**Q** 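Right, I'll just put the structure down here and ask away after.
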There are 2 protein chains.
Amino acid sequence: MNTSDQLDTTFAALADPTRRAILARLASGEASVMELAVPFAMSQPAISKHLKVLERAGLISRGSDAQRRPRRLEAQPLAEANEWLEHYRQFWEASFQRLDDLLVKLKRNETAGKPKQRGRAKPHKQ
Amino acid sequence: MNTSDQLDTTFAALADPTRRAILARLASGEASVMELAVPFAMSQPAISKHLKVLERAGLISRGSDAQRRPRRLEAQPLAEANEWLEHYRQFWEASFQRLDDLLVKLKRNETAGKPKQRGRAKPHKQ
DNA sequence: TTTTAATATAACCATTGGGTTATACAACTA
DNA sequence: TAGTTGTATAACCCAATGGTTATATTAAAA
């Protein structure tokens, strides 16, 4: 699998809220399939399918404990995804900066004399 | 669209090599649909579909210049994706660290007396 | 005013994705 | 040994994805 294929399967695996929740759960330690399934209104086979997607992407691995097959997080593909994203950091930081500039300007017009804003004006989540 | 939906559509949009290549192209400036289509062995409507996916994810926007509808990069959703990934940084850095430790140990056994390795041992791309 | 260029949309097709239920299998427990 | 628990797999359904060709729309150029 080349880097591009790896990014395909990594991003595809991350494009599902159930799978992201599973990764979040595994961030606090390994867990069995049953344990992973509990929070979801979904059958056990559905969870097993999600786990297969995550495993094919290399985002989790499978252990063995009696009948259990505990999964644990394998974050390395996330490093590659992160590296890809990094190439675009300048672009989103530029847009944050434009937002800052705007907010500062508005603020100045509205309350001249008050202390200037400090730190970056983080935009609200949509 | 809540944050989770936004991540869904962002990651899904990124899970395709054609769309990632389009974003890479747009990183060096806006471009028309035709210009974007050139590098790909794919019909114009196929490209238009990809552009629609990127636009729905908020990753590009559409300008207007005569018959042309030039697209430009809108990197803000990438900031959110990056923020999500950041939560897992500790995990991939831990695995890099384990790899470092291993390499250093191997190196020591193999060539005792030579200078120690500096910086992080970056794993090869697969 | 007709033609050409750039883009969008419709209709279609094959494949994949995310879910289901039913069933198989492997490993503990009584 | 029989039952129970944990997980995987098979077969199926429906919706979504990624491509196609053909056609519509819009604006410029001749």
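Computed from heavy atoms alone, side chains included, the values below leave out hydrogens, waters and symmetry copies. None of the values given here were measured: they were computed from a predicted structure. Letters A, B, ... are given to chains in the order of the sequence lines, protein chains preceding strands, and every chain is numbered from 1.
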**Q** Please give, in whole Å, the distance from dT16(C) C1' to Lys52(A) NZ?
**A**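 Those two atoms, NZ and C1', are 14 Å apart.
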
**Q** Indicate, with a heavy-atom threshold strictly under 4.0 Å, whether Ala66(A) touches base, sugar-phosphate, or nothing.
**A** sugar-phosphate

**Q** Please report the distance, rounded to the nearest Å, between CZ in Arg19(A) and C1' in dG19(C).
**A** 12 Å

**Q** Look at the side-chain N and O atoms of Ser48(A) and state whether any lies under 4.0 Å from the OP1 or OP2 oxygen of dT7(D).
**A**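 So the side chain of Ser48(A) is outside the cut-off, no N or O lying under 4.0 Å from OP1 or OP2 of dT7(D).
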
**Q** Of the nucleotides dT21(D), dA8(C), dT7(D), which has the atom closest to the Ser43(B) side chain?
**A**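 Shortest atom-to-atom distance from the side chain points to dT21(D).
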
**Q** Is there a donor N/O on one and an acceptor N/O on the other, under 3.5 Å, for the side chain of Gln44(B) and the base of dA8(C)?
**A** yes

**Q** Any idea which of dT20(D), dG18(D), dT21(C) is nearest the Met42(B) side chain?
**A** dT20(D)

**Q** Base, sugar-phosphate alone, or nothing: which one does Thr18(B) contact when heavy atoms must sit under 4.0 Å apart?
**A**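 Result for Thr18(B) = nothing.
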
**Q** At under 4.0 Å, does any side-chain N or O of Arg68(A) touch on OP1 or OP2 of dA8(D)?
**A**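 Checking Arg68(A) against dA8(D): no side-chain N or O falls below 4.0 Å of OP1 or OP2.
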
**Q** Separation of Asp16(B) atom CG from dT16(C) atom C1', in whole Å?
**A** 13 Å

**Q** In whole angstrom, give the distance that lies between atom CG of Leu51(B) and atom P of dT9(C).
**A** 12 Å

**Q** Less than 4.0 angstrom from a charged side-chain N to a carboxylate O is my criterion; do Lys52(B) and Glu55(B) meet it?
**A** no

**Q** Can a donor-acceptor pair under 3.5 Å be found between the side-chain atoms of Lys49(B) and the base atoms of dG19(D)?
**A** yes

